[in-house]
K.L.:
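Here it is, the structure in full.
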Amino acid sequence: MAVSYNHREIEKKWRENWEKHPVNVNDGKKPKYYCLDMFPYPSGNGLHVGHWRGYVISDVWSRYKMLQGYYLIHPMGWDAFGLPAENYAIKMGVHPAKSTADNIAHIKEQIKQIAAIYDWDMEVNTTDPDFYKWTQWIFVKMFKAGLAYEKEMPINWCPSCKTGLANEEVVNGCCERCGSPVTKKNLKQWMLRITKYADRLLNDLDKLDWPEKVKKMQTDWIGKSYGAEVEFKVDGRDDAITVYTTRPDTLHGATFMVLAPEHALARSLATDETREAVEKYIFDASMKSNVDRLQDKEKTGVFTGSYAINPINGKKVPIWLSDYVLADYGTGAIMCVPAHDDRDFEFAKKFDIPIVQVIAKDGVEIPDMKEAYTEASGTMINSGDWNGMESAVLKKEAPEMIEKMGCGRKTVNYKLRDWVFSRQRYWGEPIPIIHCPKCGCVPVPEEELPLRLPDVESYQPTGTGESPLAAIDEWVNTTCPVCGAPAKRETNTMPQWAGSSWYFLRYVDNKNDKELVSREKADKYLPVDMYIGGVEHAVLHLLYSRFYTKFLCDIGAIDFDEPFHKLFNQGMITGKNGIKMSKSKGNVVSPDDLVRDYGCDSLRMYELFVGPPELDSEWDDRGIDGVYRFLNRFWHMVLNNKDAQVKETKELIKLRHKMVYDITSRLEAFSLNTVISGFMEYNNKFVDLTKKGGVDKTTLETAVILLAPFAPHMAEELWQQLGHDTSVFDNRWPSVDEEAMKDDEIEIPVQINGRTKAVISVSDGASKEDVLAMAKEALGGKLTGNVIKEIYVPGKIVNIVAR
RNA sequence: GCGGAUAUGGCGGAACUGGCAGACGCGCCAGACUUAGGAUCUGGUGGGAGACCGUGCAGGUUCGAUUCCUGUUAUCCGCACCA
């Protein structure tokens with residue numbers, strides 16, 4: 001029978017046509033819809049079928065929104081600074097500027113293969129001086145607001161990438177990029193005070209239509225806890241040690257105290273007898289890497305020889321050092337209640353420290369404790385005045401009680417740390433700061449931005465903690481903008497996240513050289529309505545972007561404080577057996593051949609059909625035949641019916657509305673795989689009907705419009721073949737008439753004891769008696785025994801309970 | 001260790017607020033058209049000869065459970081001594 005539709009010719013024709021006559025037009029009246037993809041970093045490896053998925057999902061959603069009457073903001077750009085781009089350049093032996101430009105050109109061609117409706121006039125590139133001018137401008141503003149500061153401290157250091165890392169970039173003690181174990185290095189660093197925004201970053205999550213998983217990850221990352229700081233005087237000395245605890249209710253049970261080895265007082269607490277052991281322990285701890293520390297299961301520690309006084313009961317408690325206490329959380333010191341904390345229990349058992357229970361679980365003291373009782377539920381015992389109180393109540397009230405007693409205060413703590421913002425690498429935005437011997441740190445004047453990244457002969461990382469920029473004397477040496485004295489430029493660069501933290505704001509006004517974005521355009525087109533990308537940025541990019549947006553809102557640059565209203569995380573496309581696609585595994589599937597053989601429309605649809613969009617899916621090349629056959633069958637079905645002048649019948653109208661309803665509701669639910677199977681199912685019905693009287697033109701047109709976001713080329717071509725000289729995207733998404741969808745006769749399963757034995761067809765308004773009579777008739781001899789109960793749920797089911 | 005997700009035919013996956021389990025597709029089987037078919041079209045396809053049995057496993061609630069509850073196993077993901 002008929003030959004395949006010619007996808008090559010049709011797709012070429014419509015690409016050229018869209019080029020000349022864009023379908024996404026801003027008439028100034030339509031409401032905007034901003035649908036954003038997480039912009040790629042231009043890798044030298046190019047795109048594989050996994051990369052397509054997110055772009056197809058966002059394009060389908062964008063085109064759907066366009067058909068609903070929105071003016072679409074759907075831009076694309078390049079996250080081209082940073083480690084991956086630089087490492088690639090080093091590996092290939094080319095300058096990163098050159099390799100980045102080449103990679104962008106290549107990937108842009110590949111992305112165009114998707115036929116997504118990107119507005120390339122809005123394109124941005126983070127390495128473009130006209131763009132990073134504003135990345136630097138934001139930094140200067142943050143510096144002036146006191147949010148960017150310099151600090152020397154031990155930071156995460158990747159010995160392979162030869163740069164410092166933010167906390168968020170350390171995964172299981174290893175570098176997020178290269179997987180090398182991260183070490184500590186004492187470096188003077190630029191920091192961003194993201195902790196100042198901790199509460200807003202936490203509370204505003206409520207406003208967002210984001211996956212719960214991502215909200216949870218950010219909540220945990222910020223890690224807010226409520227508790228108290230309590231002061232313990234050192235026995236026989238004037239100074240005190242402050243601890244942080246979330247369980248002040250257990251204060252009477254504190255039988256020892258532990259300080260992090262890095263604690264400022266650690267050394268001074270040693271006595272003549274313990275000095276040697278204490279020094280050794282502190283030294284050993286300093287030599288441990290993050291990974292070692294994580295892998296140590298067994299607790300270690302050393303007694304300092306000193307004692308502290310528990311302020312609630314005046315008892316002397318020994319002070320220990322142990323690396324299970326973190327130096328940079330809370331106060332770096334803890335009170336230990338072994339009866340009610342797992343870690344303290346383990347430590348007390350190992351070093352034979354007394355264990356005192358202060359909460360009676362179910363009213364009784366546990367006779368022979370095998371593990372700590374960690375729940376705040378039960379009655380207080382061995383707790384002086386607090387005896388008899390409920391632990392849960394006391395937990396809340398104790399901080400204020402302690403405050404009144406003058407030995408501590410109510411407080412909160414966060415796991416979130418300030419953001420280590422310096423990178424000792426070449427390929428990033430220069431930090432626009434000048435170090436003046438007289439004036440200190442002075443920002444580059446705003447009118448002198450951008451501070452261009454200078455060309456350099458050796459852009460390889462030095463490993464010394466200095467950026468390669470430090471080697472360029474003529475760049476480093478400058479004068480102070482304030483006093484004019486000789487001064488030196490900051491030579492560290494910004495992390496890759498700097499540009500990506502705000503790029504989505506720039507798209508809508510990417511040529512503005514006066515402002516980051518004009519308020520007029522920001523108010524009109526921002527923020528982002530739908531953001532689509534992988535889940536790997538849950539606490540990196542997505543947290544940083546929220547922080548930047550809040551800051552820019554605070555300084556009045558924009559008028560909203562959350563960047564992304566709705567977030568969708570697509571699952572990964574993997575190779576066989578769920579193995580991540582990678583060059584080294586040799587399981588990368590390139591879209592190029594598939595586009596050539598099956599067409600862009602087929603690949604787009606298969607990307608969706610392969611599985612639920614939010615879950616990982618294994619790629620199987622053979623499956624694409626299914627959607628390719630569907631598109632062929634649909635093509636021929638429409639062409640076979642188009643001139644037949646079939647009159648619409650009640651049945652055809654019903655089928656049409658059911659189709660619109662099914663496709664729309666599945667699309668709204670983001671169940672894109674079942675949208676595709678829905679198309680197939682309805683097409684099977686249409687193909688069947690073609691042999692029995694045909695399909696009317698309105699139904700054909702409706703189907704073509706519904707298909708347009710998914711297979712835009714074919715939809716355009718069929719729309720034209722149906723006799724139109726406009727674009728299929730000039731239509732509005734069809735609406736559903738619920739009345740027209742209704743069936744007069746409903747099929748109802750008839751069950752005996754919950755097992756289906758027959759199916760009857762009843763009219764819409766049939767009475768219970770009639771239906772039950774019909775049901776019994778249909779069952780005939782199958783119904784034996786005594787009928788105990790008869791259940792009829794109108795429109796759903798008949799169930800007869802018999803014994 | 002803590003938290004989350006997932007588990008359904010040979011395979012990918014459907015099943016809306018509890019109501020005919022396996023839609024749709026891949027693969028496979030049979031047939032048609034063909035010089036030919038790895039193209040296309042038509043039909044079939046969970047298991048069992050059968051009554052029946054079947055949604056990771058064991059219970060429970062219900063007239064009725066893939067769906068709700070309790071426990072449990074496996075896989076994946078996140079956090080990981082945050083006091």
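Here is how names work: the chains are called A, B, and so on, in the same order as the sequence lines, proteins then strands, and each is numbered from 1. From a predicted model like this one, the values you see are computed outputs, not experimental measurements. In what follows, every heavy atom counts, from backbone to side chain, and hydrogens, waters and symmetry copies are set aside.
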K.L.:
Does rG78(B) pair with anything, Watson-Crick or G-U wobble, both distances under 3.5 Å, and if so, with which nucleotide?
P.N.:
rC2(B)
K.L.:
If we take the P atom in both rU6(B) and rC16(B), what is their distance in whole Å?
P.N.:
14 Å
K.L.:
Would you say Arg755(A) places a side-chain N or O within less than 4.0 Å of OP1 or OP2 belonging to rA21(B)?
P.N.:
no
K.L.:
Take atom C1' in rA7(B) and the same atom in rU66(B), then report the distance between them in whole Å.
P.N.:
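Nearest-Å result for rA7(B) against rU66(B) at atom C1': 11 Å.
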K.L.:
Starting from C1' on rG27(B), measure out to OH on Tyr628(A) and report it in whole angstrom.
P.N.:
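After rounding, the gap between these two atoms is 20 Å.
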K.L.:
How would you label the contact of Asp620(A) with the nucleic acid (heavy atoms, under 4.0 Å): base, sugar-phosphate, or nothing?
P.N.:
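The answer is nothing, as Asp620(A) stays clear of every strand by at least 4.0 Å.
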K.L.:
Check every atom of rG64(B), rG27(B), rC79(B) against the side chain of Asn799(A) and return the nucleotide holding the closest atom.
P.N.:
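Nearest to the side-chain atoms of Asn799(A), counting from C-beta on, is rG64(B).
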K.L.:
Can you measure Phe634(A) atom CZ to rC24(B) atom P for me and round it to whole angstrom units?
P.N.:
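To the nearest whole Å, that distance equals 18 Å.
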K.L.:
Please work out if Val793(A) contacts a base, only the sugar-phosphate, or nothing of the nucleic acid, heavy-atom cut-off 4.0 Å.
P.N.:
base
K.L.:
With a 4.5 Å heavy-atom cut-off, do Phe256(A) and Pro338(A) have their side chains touching?
P.N.:
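Phe256(A) reaches Pro338(A) side chain to side chain.
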K.L.:
With respect to the side chain of Trp221(A), which nucleotide from rA23(B), rA80(B), rA14(B) is positioned closest?
P.N.:
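The closest nucleotide is rA80(B).
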K.L.:
Is the phosphate of rC41(B), meaning OP1 or OP2, less than 4.0 Å from a side-chain N or O of Arg633(A)?
P.N.:
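True: Arg633(A) side-chain N/O within range (under 4.0 Å) of rC41(B) OP1/OP2.
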K.L.:
Go through Glu375(A) and Lys395(A) one step at a time and tell me if the salt bridge (Lys or Arg N to Asp or Glu O under 4.0 Å) criterion holds.
P.N.:
CA-CA 11 Å; Glu375(A) 277 165 62; Lys395(A) 188 181 169 206; over 6 Å; no
K.L.:
Name the orientation class of the two ring planes belonging to His541(A) and His537(A) (parallel below 30°, tilted from 30 to 60°, perpendicular beyond 60°).
P.N.:
perpendicular
K.L.:
Can you measure Phe609(A) atom CZ to rA23(B) atom C1' for me and round it to whole angstrom units?
P.N.:
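Those two atoms, CZ and C1', are 10 Å apart.
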K.L.:
What is the glycosidic conformation of rG12(B): syn, defined as within 90° of 0, or anti?
P.N.:
anti
K.L.:
Assign each of Glu681(A) and Tyr661(A) to its nearest nucleotide of RNA chain B by heavy atoms, then name whichever residue's nucleotide is nearer the 5' end.
P.N.:
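The residue mapped nearer the 5' terminus is Tyr661(A).
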K.L.:
Can you tell me if the side-chain N/O atoms of Tyr324(A) get under 4.0 Å from OP1 or OP2 in rA83(B)?
P.N.:
no
K.L.:
According to side chain to side chain contact (heavy atoms under 4.5 Å, CB included), who are the partners of Pro613(A), at least two apart in sequence or on a separate chain?
P.N.:
Ile57(A), Phe568(A), Leu672(A), Asn673(A)
K.L.:
If the P atom of rG43(B) is compared with that of rA23(B), how far apart are they to the nearest Å?
P.N.:
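One P to the other, the span is 15 Å.
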K.L.:
Take a 6.0 Å sphere around CD of Glu536(A) and say whether it holds more than 12 heavy atoms from other residues, nucleotides or ligands.
P.N.:
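Yes, CD of Glu536(A) has more than 12 neighbouring heavy atoms, counting only those of other groups under 6.0 Å.
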K.L.:
What's the gap between rG59(B) and rU55(B) when it is taken at their P atoms, as a whole Å value?
P.N.:
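My reading of the P atoms in rG59(B) and rU55(B) gives 12 Å.
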K.L.:
Using the 3.5 Å cut-off, write out each protein N or O paired with an N or O of nucleotides 1-7 of chain B and the distance between them.
P.N.:
residue: rG3(B); atom: O2'; partner: Lys216(A); partner atom: NZ; Å: 3.4

K.L.:
What's the closest nucleotide to the Val759(A) side chain, out of rC63(B), rC20(B), rC24(B)?
P.N.:
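Closest nucleotide to the Val759(A) side chain: rC20(B).
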K.L.:
Scan every strand shown for a Watson-Crick or G-U wobble partner of rA49(B), both distances under 3.5 Å, and answer none if you come up empty.
P.N.:
none
K.L.:
Calculate the interatomic distance between Glu618(A) atom CD and rG13(B) atom P; express it in whole Å.
P.N.:
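Going from Glu618(A) (CD) to rG13(B) (P), I get 8 Å.
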K.L.:
Rounding to the closest angstrom, what is the interatomic distance between rU75(B) and rU40(B) at atom P?
P.N.:
41 Å
K.L.:
Of all the choices, rG25(B), rC81(B), rU42(B), which nucleotide is nearest to the side chain of Met680(A) once you look at every atom?
P.N.:
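Shortest atom-to-atom distance from the side chain points to rG25(B).
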K.L.:
Any base atoms under 4.0 Å from Lys691(A), or only sugar-phosphate, or nothing? Heavy atoms, all strands.
P.N.:
sugar-phosphate
K.L.:
Could you check whether Glu229(A) and Thr242(A), counting side-chain N and O atoms only, form a donor-acceptor pair closer than 3.5 Å?
P.N.:
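Checked: Thr242(A)/Glu229(A) side chains show no N/O donor-acceptor pair below 3.5 Å.
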K.L.:
Rounded to whole angstrom units, what separation is found between the CE atom of Met605(A) and the C1' atom of rG12(B)?
P.N.:
16 Å
K.L.:
At 4.0 Å (heavy atoms only), tell me whether Thr756(A) reaches a base, stays on the sugar-phosphate, or touches nothing.
P.N.:
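Sugar-phosphate contact only.
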K.L.:
Report the nucleotide, chosen from rA83(B), rU42(B), rC20(B), that has the shortest atom-to-atom distance to any side-chain atom of Ile797(A).
P.N.:
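Among rA83(B), rU42(B), rC20(B), the one nearest the side chain of Ile797(A) is rC20(B).
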K.L.:
Determine the interplanar angle of the Trp635(A) and Tyr5(A) rings, folded into 0 to 90°, and report it as parallel if under 30°, tilted if 30 to 60°, perpendicular if over 60°.
P.N.:
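Trp635(A) vs Tyr5(A) ring planes: tilted.
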K.L.:
Which whole-number value in Å describes the distance from Tyr329(A) OH to rA83(B) C1'?
P.N.:
7 Å
K.L.:
Can you tell me the Watson-Crick or wobble partner of rG31(B), both distances under 3.5 angstrom?
P.N.:
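Because both required distances fall under 3.5 Å, rG31(B) counts as paired with rC41(B).
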K.L.:
Check every atom of rC16(B), rC63(B), rG78(B) against the side chain of Ile791(A) and return the nucleotide holding the closest atom.
P.N.:
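The closest nucleotide is rC63(B).
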K.L.:
Relative to the 5' end of RNA chain B, which residue comes earlier, Asn753(A) or Tyr414(A), by the nucleotide with the nearest heavy atom?
P.N.:
Asn753(A)
K.L.:
Which class fits the ring pair Tyr598(A) and Tyr628(A): parallel under 30°, tilted 30 to 60°, perpendicular over 60°?
P.N.:
perpendicular
K.L.:
Could you please name the partner base of rG25(B), counting Watson-Crick and G-U wobble pairs only when both distances are under 3.5 Å?
P.N.:
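Pairing partner: rC11(B).
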K.L.:
Looking at Ser225(A), I'd like to know whether one of its side-chain N or O atoms comes within less than 4.0 Å of OP1 or OP2 on rA83(B).
P.N.:
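True: Ser225(A) side-chain N/O within range (under 4.0 Å) of rA83(B) OP1/OP2.
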K.L.:
Any donor-acceptor pair under 3.5 Å linking the side-chain atoms of Glu168(A) with those of Trp221(A)?
P.N.:
yes
K.L.:
Take atom NZ of Lys224(A) as the centre, draw a 6.0 Å sphere, and report whether it contains more than 12 heavy atoms from other residues, nucleotides or ligands.
P.N.:
yes
K.L.:
Can you tell me how far P in rC77(B) sits from the matching atom in rA49(B), rounded to whole Å?
P.N.:
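So the two P atoms sit 41 Å from each other.
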K.L.:
For rG19(B), what is the paired nucleotide under Watson-Crick or G-U wobble rules, both distances under 3.5 Å?
P.N.:
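rG19(B) is paired, partner rC63(B).
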K.L.:
Could you check which of rG25(B), rC52(B), rC26(B) has an atom nearest any side-chain atom of Asn684(A)?
P.N.:
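The listed nucleotide nearest to Asn684(A)'s side chain is rG25(B).
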K.L.:
Could you check whether Asn673(A) gets within reach of a base, just the sugar-phosphate, or nothing at all, counting any heavy atom under 4.0 Å?
P.N.:
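Sugar-phosphate only.
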K.L.:
Ignoring backbone atoms, establish whether Arg629(A) has a side-chain N or O less than 4.0 Å from OP1 or OP2 of rC26(B).
P.N.:
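It does, given that an N or O in the side chain of Arg629(A) lies less than 4.0 Å from OP1 or OP2 of rC26(B).
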K.L.:
Take atom OH of Tyr329(A) as the centre, draw a 6.0 Å sphere, and report whether it contains more than 12 heavy atoms from other residues, nucleotides or ligands.
P.N.:
yes
K.L.:
What's the OH-P distance between Tyr5(A) and rA39(B), to the nearest Å?
P.N.:
17 Å
K.L.:
Using atom CD1 of Ile760(A) as one end and atom C1' of rG19(B) as the other, report the distance to the nearest whole Å.
P.N.:
14 Å
K.L.:
Identify each atom pair where a protein N or O and an N or O of nucleotides 47-50 of chain B are less than 3.5 Å apart, giving names and distance.
P.N.:
none

K.L.:
Work out how far the P atom of rU70(B) is from that of rC52(B), and round it to whole angstrom.
P.N.:
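My reading of the P atoms in rU70(B) and rC52(B) gives 34 Å.
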K.L.:
Using side-chain heavy atoms (C-beta onward) and a distance below 4.5 Å, is Thr250(A) in contact with Asp341(A)?
P.N.:
no
K.L.:
Report the residue from Ile359(A), Asp249(A), Ile355(A), Thr374(A) that forms a side-chain contact (heavy atoms from CB on, under 4.5 Å) with His340(A).
P.N.:
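Exactly one pass, corresponding to Ile359(A).
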K.L.:
Quick one: which of rA14(B), rG19(B), rC52(B) gets closest to the side chain of Lys757(A)?
P.N.:
rC52(B)
K.L.:
For the NZ atom on Lys396(A), are there more than 12 heavy atoms of other groups (residues, nucleotides or ligands in this structure) within a distance under 6.0 Å?
P.N.:
no
